[in-house]
Amino acid sequence: MTTERRRPYPFDRFESKWQARWEAEHTFHAPNPGEEGFDPACPKYYVLDMFPYPSGAGLHVGHPEGYTATDIVARFKKMQGYNVLHPMGWDAFGLPAEQYAIKTGQHPRITTQRNIAGFKEQLRRIGLAYDWQREINTTDPAYYKWTQWIFLQIYHSWFNPETQRAEPVSTYRGSDPDSVRLAYVSEAPVNWCPELGTVLSNEEVIEGKSEVGGHPVVRRPMRQWMLRITAFAERLIDELDGLDWPESIKLLQRNWIGRSEGAEVRFELAGAEAGAEGIDVFTTRPDTLYGATYMVLAPEHPLVERIASAEQLPAIRDYREKTARKSDIERTELAKDKTGVFTGGFAINPVNGERIPIWIADYVLMGYGTGAIMAVPAHDERDWDFAQKYFLPIREVVSDTPTLGLSGGSSPCEAPPLACSTASGFAIHSGPLDGLPTEDARREMTALLETKGVGRRSINYKLRDWLFSRQRYWGEPFPIVWEGAQHRPLGEAELPLVPPEMDDFKPTGTPEPPLSKLTDWIRYSDVATRETNTMPQWAGSCWYYLRYCDPKNASRFVGCDAEKYWMSGNGANSKPGGVDLYVGGTEHAVLHLLYARFWHKILFDLGHVSTPEPFQRLVNQGLILGEDGQKMSKSRGNVVNTDDVVTPYGADAFRCYEMFMGPLEQMKPWSMTGVEGITRFLARVWRLIMEEDQEGVWRRSAAVQDLPADKAGSKVVHATIKKVTEDIETLSFNTAIAQMMIFVNHFTGAATRPVSGMRVLLQLLNPFAPHITEELWEQLHGANSSMLAHEPWPAYDPALLVEDEIELPIQINGKVRDRITVKKDAAAELIEQAAMEAPEIAKWIEGKSVKKVVIVPGKLVNIVVAG
RNA sequence: GGCGGUGUGGCGAAAUGGCAGACGCAGCAGACUUAAAAUCUGCUGGGAGGUUACUCCCGUGCGGGUUCGAGUCCCGCCGCCGCCA
């Protein structure tokens with residue numbers, strides 16, 4: 001397409017000019033406390049985007065949806081007099097750059113730098129008001145020095161159960177501090193992905209496949225670094241309450257942490273002497289203990305070999321091998337056929353002394369609870385399926401009706417139930433519990449167990465500790481060395497620990513990380529070798545919002561004053577503090593947002609930061625779909641790149657369209673004709689103030705005059721100030737733009753346009769369309785005027801919004817039949833009288849009796865008639 | 001299966017329990033133009049009636065309920081999307 005389409009307004013002549021000026025004048029630089037230009041009287045506002053991974057594909061129109069929203073808020077808050085922190089940076093460690101390196105031999109650093117440059121240029125073209133002096137990059141040694149430093153703080157800490165806080169490990173009084181560190185080494189089975197050549201966290205594995213690439217993942221035991229996030233499970237749930245987050249995200253986190261209350265119960269092994277090793281189980285239904293007719297251990301449970309009878313041992317070993325090849329998801333699938341093997345051993349049910357068989361089955365996971373369960377087939381679906389398959393006894397101990405006289409597990413003639421019931425009801429066949437409703441029975445049984453010393457109340461979490469090491473090159477090396485089998489930390493002075501240069505990034509094909517190939521680097525001293533794992537990509541994003549506060553600090557991860565200022569609560573709303581507004585996609589609901597809260601709490605406990613939570617207000621932007629209504633993807637060919645929009649329509653049209661599409665949080669499809677519509681709107685704004693002469697030169701329009709607005713005009717102006725101000729606060733940008741369209745439509749037909757009203761429009765529209773408004777502002781005020789970005793936000797006069805006379809609809813039985821015009825504060829009697837006399841109303845009332853007249857002042861009149 | 005979200009014109013959507021469909025897209029008509037584009041003006045949920053001004057009926061996924069009045073609140077379903085299983 002070579003035809004030079006005439007642009008509806010000459011955005012191409014001024015957009016880059018204003019971008020250059022903002023950059024040159026540091027218009028959006030926020031000074032820190034103590035810096036030049038800092039005004040302590042200024043309230044602060046910290047508005048943050050989830051920083052992107054700079055991929056090679058560049059920005060598509062989905063990325064800047066959130067960025068534009070925060071940009072509008074940032075510019076708005078600045079005009080309202082806030083000191084606004086609005087930074088951007090790069091989450092640049094990660095697998096794609098490393099895989100590209102494996103394919104091409106090009107160092108990931110080079111790829112990363114090139115991608116960052118591309119992303120930054122695309123963002124610049126959109127005119128986002130970032131403080132680029134605060135740009136950070138997680139792969140910069142000056143940044144990851146502090147990621148490593150924070151890891152060391154975690155390594156040096158433990159969770160004191162008495163204070164419920166992270167404390168220096170020196171306060172631990174036990175004999176083996178390594179057993180309580182918040183960063184520890186574990187030999188547990190992990191998610192190993194042979195294709196990627198690395199282990200993955202539970203959060204990175206989706207339906208048995210890697211989240212990145214969809215490769216198969218298997219379980220295998222490996223020596224790995226773990227972070228003890230489970231210690232914070234309770235606080236991570238409880239402290240969600242005070243956050244201004246979408247309830248759905250809070251719920252997602254609560255479900256992920258998966259708190260369940262119940263009891264831990266000890267079953268002795270049959271034939272063992274009292275006090276000998278037993279099997280502990282966790283159950284949320286202690287009330288059903290009388291219905292426990294067998295036990296199941298996870299196949300990898302350490303007791304299995306000991307319990308197993310000689311004749312069962314071969315079958316057990318065979319089954320364990322098969323299990324090892326399955327993922328947790330495959331194992332716990334409800335619909336799946338249950339399998340298992342009898343161990344040959346028996347346990348004693350502690351409440352009724354019954355001898356019950358012990359099985360192993362893969363539907364019991366070693367990682368959840370204690371790795372063993374008591375099976376109550378009558379009241380648990382999986383136990384039911386299992387019992388049906390292997391003909392194990394089933395005893396009903398919960399009835400849906402209160403039944404008296406059916407006492408005791410001793411009753412010999414109970415009929416097995418016809419179906420499994422997990423519902424609450426009333427205890428039966430349960431000795432002392434009989435007749436109790438499920439809730440009471442739970443409590444009663446727990447108390448009973450505690451008295452007998454065979455169990456106790458317990459809380460279990462689904463959350464697992466965070467598998468924190470990866471077998472990759474392109475990540476932060478651990479500041480750890482090994483001497484013999486013992487790990488020890490590097491000193492702070494040895495940070496940053498920079499990964500060595502390398503040409504061959506290929507995975508070793510074994511669980512040995514790529515760094516293990518570099519024998520020189522590994523050798524730390526005659527006796528010590530370096531840790532060769534690296535940290536996961538999440539590490540850098542766990543604390544980047546803190547670094548933005550003080551990105552150049554060389555002596556601390558963030559300066560105390562800067563942290564206190566930017567992360568403080570906003571006096572006005574007495575919130576506990578943190579980032580004032582954080583916008584990003586839902587995909588991070590349980591990964592980044594949980595990890596970052598975890599790290600933040602450790603740093604808070606250790607006194608390094610001043611707030612218990614990092615992000616006070618969180619908003620998720622909705623996905624932008626392709627024009628076909630499908631998720632954008634390369635394979636569908638429906639991806640719209642930002643440049644495809646910015647080049648032909650301009651940055652302002654791009655920004656405004658992104659915001660006009662619909663509610664920020666909603667999923668919505670892209671539409672190029674929609675972009676054209678918004679372009680028409682901006683062109684109309686342009687022509688409100690400019691007109692084109694015979695030679696095709698744009699000049700200030702003669703219709704713009706220094707006259708007061710008429711009554712209707714000033715009402716529109718002030719209604720627009722009100723609407724736009726309120727809508728930006730609630731992030732309802734689509735309706736804010738609709739109101740500005742109403743403004744423009746009102747003045748488009750007018751012969752003269754008051755310059756005061758035009759100024760207000762430019763102020764209100766500036767956060768949305770900063771280039772065109774700056775240009776027009778300059779047209780109105782001259783080239784030497786101060787920038788619009790430095791103008792204050794306008795205020796509205798409520799008095800101008802009130803009409804003297806209002807039109808009231810008159811309803812008969814809820815249907816509008818006529819309208820009357822009355823004075824705005826007319827008395828009810830007067831309104832009623834006028835309503836009854838309205839021309840159309842009479843015929844509706846005729847021959848009927850008026851039962852009631854409802855008058856809602858300023859809204860409507862409803863006449864209720866009968867007959 | 002559980003939890004959460006969502007359902008309004010041809011399309012994106014708007015509506016503190018108070019005139020459903022603001023605003024925009026698409027479409028139709030008119031003005032300007034030799035013509036087109038651009039621009040400006042008007043119309044545009046469905047149906048019925050009337051010569052016009054207009055009038056009436058139906059309408060927010062389905063079925064009930066509360067209320068003078070329900071897109072909005074309550075109960076029960078159905079579809080789609082997401083998360084967990």
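Each chain gets a letter, A, B and so on, in the order the sequences are listed, and its residues count up from 1.
Between D818(A) atom CG and rC54(B) atom P there is a gap of 13 Å when expressed in whole angstrom units. Look at CZ on R817(A): it is 15 Å from P on rG69(B), rounded to the nearest Å. Protein atom CD of E692(A) is 15 Å distant from nucleotide atom P of rA38(B), rounded to whole Å. In this structure, CD of E247(A) is placed 13 Å from C1' of rG5(B), rounded to the nearest angstrom. We find that NZ of K852(A) is positioned 10 Å from C1' of rG69(B), with the value rounded to whole Å. One atom, CD1 of I820(A), and another, C1' of rC19(B), lie 13 Å apart when rounded to the nearest Å.
Comparing the C1' positions of rG45(B) and rU60(B) gives an interatomic distance of 11 Å, to the nearest angstrom.
Put simply, Q666(A) has a side-chain N or O that comes within less than 4.0 Å of OP1 or OP2 on rA13(B). A close approach under 4.0 Å does not occur between any side-chain nitrogen or oxygen of R687(A) and OP1 or OP2 of rA38(B). Using a 4.0 Å cut-off, no side-chain N or O of K815(A) falls inside it from OP1 or OP2 of rA20(B). Between R680(A) and rC40(B) there is no side-chain polar atom (N or O) within less than 4.0 angstrom of OP1 or OP2. At rC3(B), none of the side-chain N or O atoms of R254(A) fall inside 4.0 Å of OP1 or OP2 (strictly under the cut-off). Considering only side-chain N and O atoms, N734(A) lies under 4.0 angstrom from the phosphate OP1 or OP2 of rA14(B). Taking 4.0 angstrom as the limit, K668(A) places none of its side-chain polar atoms (N or O) nearer than this to OP1 or OP2 of rG12(B).
Among the protein residues, V854(A) comes within range of the nucleic acid bases, having at least one heavy atom under 4.0 Å from a base atom. Q739(A) comes within 4.0 angstrom of no nucleic acid atom, judged by non-hydrogen atoms across all strands. Nucleic acid contact class of T673(A) (heavy atoms, under 4.0 Å, all strands): sugar-phosphate only. Heavy atoms of N745(A) sit under 4.0 angstrom from primed sugar atoms or phosphate atoms, though from no base atom. No engagement by W670(A) is indicated, since no non-hydrogen atom pair under 4.0 Å with the nucleic acid exists. Residue M667(A) is in sugar-phosphate contact alone, with no base atom involved, counting any heavy-atom pair closer than 4.0 Å across all strands shown. Using a 4.0 Å heavy-atom criterion, one finds that L251(A) contacts the sugar-phosphate atoms exclusively. R819(A) comes within contact range of at least one nucleobase, with a heavy-atom separation under 4.0 Å. When heavy atoms are screened at a 4.0 angstrom cut-off, V816(A) is found touching the sugar-phosphate backbone but no base atom. K462(A) comes within 4.0 angstrom of sugar-phosphate atoms only, judged by non-hydrogen atoms across all strands, and of no base.
When ring centroids are compared, W384(A) and Y363(A) stay outside the 6.0 Å threshold.
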Hey, mind stepping through K250(A) and E247(A) against salt bridge (Lys or Arg N to Asp or Glu O under 4.0 Å) and telling me if it holds?
-> CA-CA 5 Å; K250(A) 290 189 187 180; E247(A) 276 309 312; 3.5 Å; yes

Passes side chain to side chain donor-acceptor pair (under 3.5 Å), E805(A) versus T821(A)? Steps please.
-> CA-CA 7 Å; E805(A) 295 199 315; T821(A) 303; over 6 Å; no

Stepwise ring pair (Phe, Tyr, Trp, His ring centres under 6.0 Å) check, F11(A) with W698(A) = CA-CA 12 Å; F11(A) 62 83; W698(A) 289 103; over 10 Å; no

Evaluate the salt bridge (Lys or Arg N to Asp or Glu O under 4.0 Å) criterion for residues R687(A) and E691(A): first the C-alpha distance (whole Å), next the side-chain angles of each, then the deciding distance (0.1 Å), finally the verdict.
-> CA-CA 6 Å; R687(A) 287 193 307 267; E691(A) 60 191 1; over 6 Å; no

Going through the distances and angles, do Q253(A) and R597(A) end up as a side chain to side chain donor-acceptor pair (under 3.5 Å)?
-> CA-CA 11 Å; Q253(A) 289 216 348; R597(A) 291 181 64 219; 2.7 Å; yes

Kindly determine whether E234(A) and R259(A) satisfy salt bridge (Lys or Arg N to Asp or Glu O under 4.0 Å), including the steps that lead there.
-> CA-CA 8 Å; E234(A) 182 105 45; R259(A) 178 193 152 100; 2.8 Å; yes

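Of the N and O atoms on the side chains of T773(A) and N766(A), at least one donor lies less than 3.5 Å from an acceptor on the other residue. Side-chain contact annotation: D244(A) with Y582(A), donor-acceptor N/O pair under 3.5 Å absent.
Ranking rC68(B), rC3(B), rC23(B) by closeness to the F660(A) side chain, first place goes to rC23(B). Checking rG18(B), rC3(B), rC23(B) against every side-chain atom of V856(A), the shortest atom distance belongs to rG18(B). Comparing rG4(B), rC68(B), rC19(B) by their nearest atom to the side chain of V864(A) picks out rC68(B). When distances run from any side-chain atom of I742(A) to the nucleotides rG69(B), rC84(B), rA22(B), the shortest one goes to rA22(B). Nearest nucleotide to the side chain of L860(A), out of rC19(B), rC40(B), rC68(B): rC19(B).
Between G662(A) and I863(A), the one whose closest nucleotide on RNA chain B sits nearer the 5' end is G662(A).
Within 90° of 0 lies the glycosidic angle of rG9(B), which makes this nucleotide syn.
Between R655(A) and E658(A) no salt bridge is recorded (no basic side-chain N to carboxylate O distance below 4.0 Å).
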Treat a base pair as Watson-Crick or G-U wobble with both distances under 3.5 Å, then lay out RNA chain B in dot-bracket form, 5' to 3', with | for cross-strand pairs.
-> (((((((..(((.....[....))).(((((.......))))).(((((....)))))..(((((..]....)))))))))))).

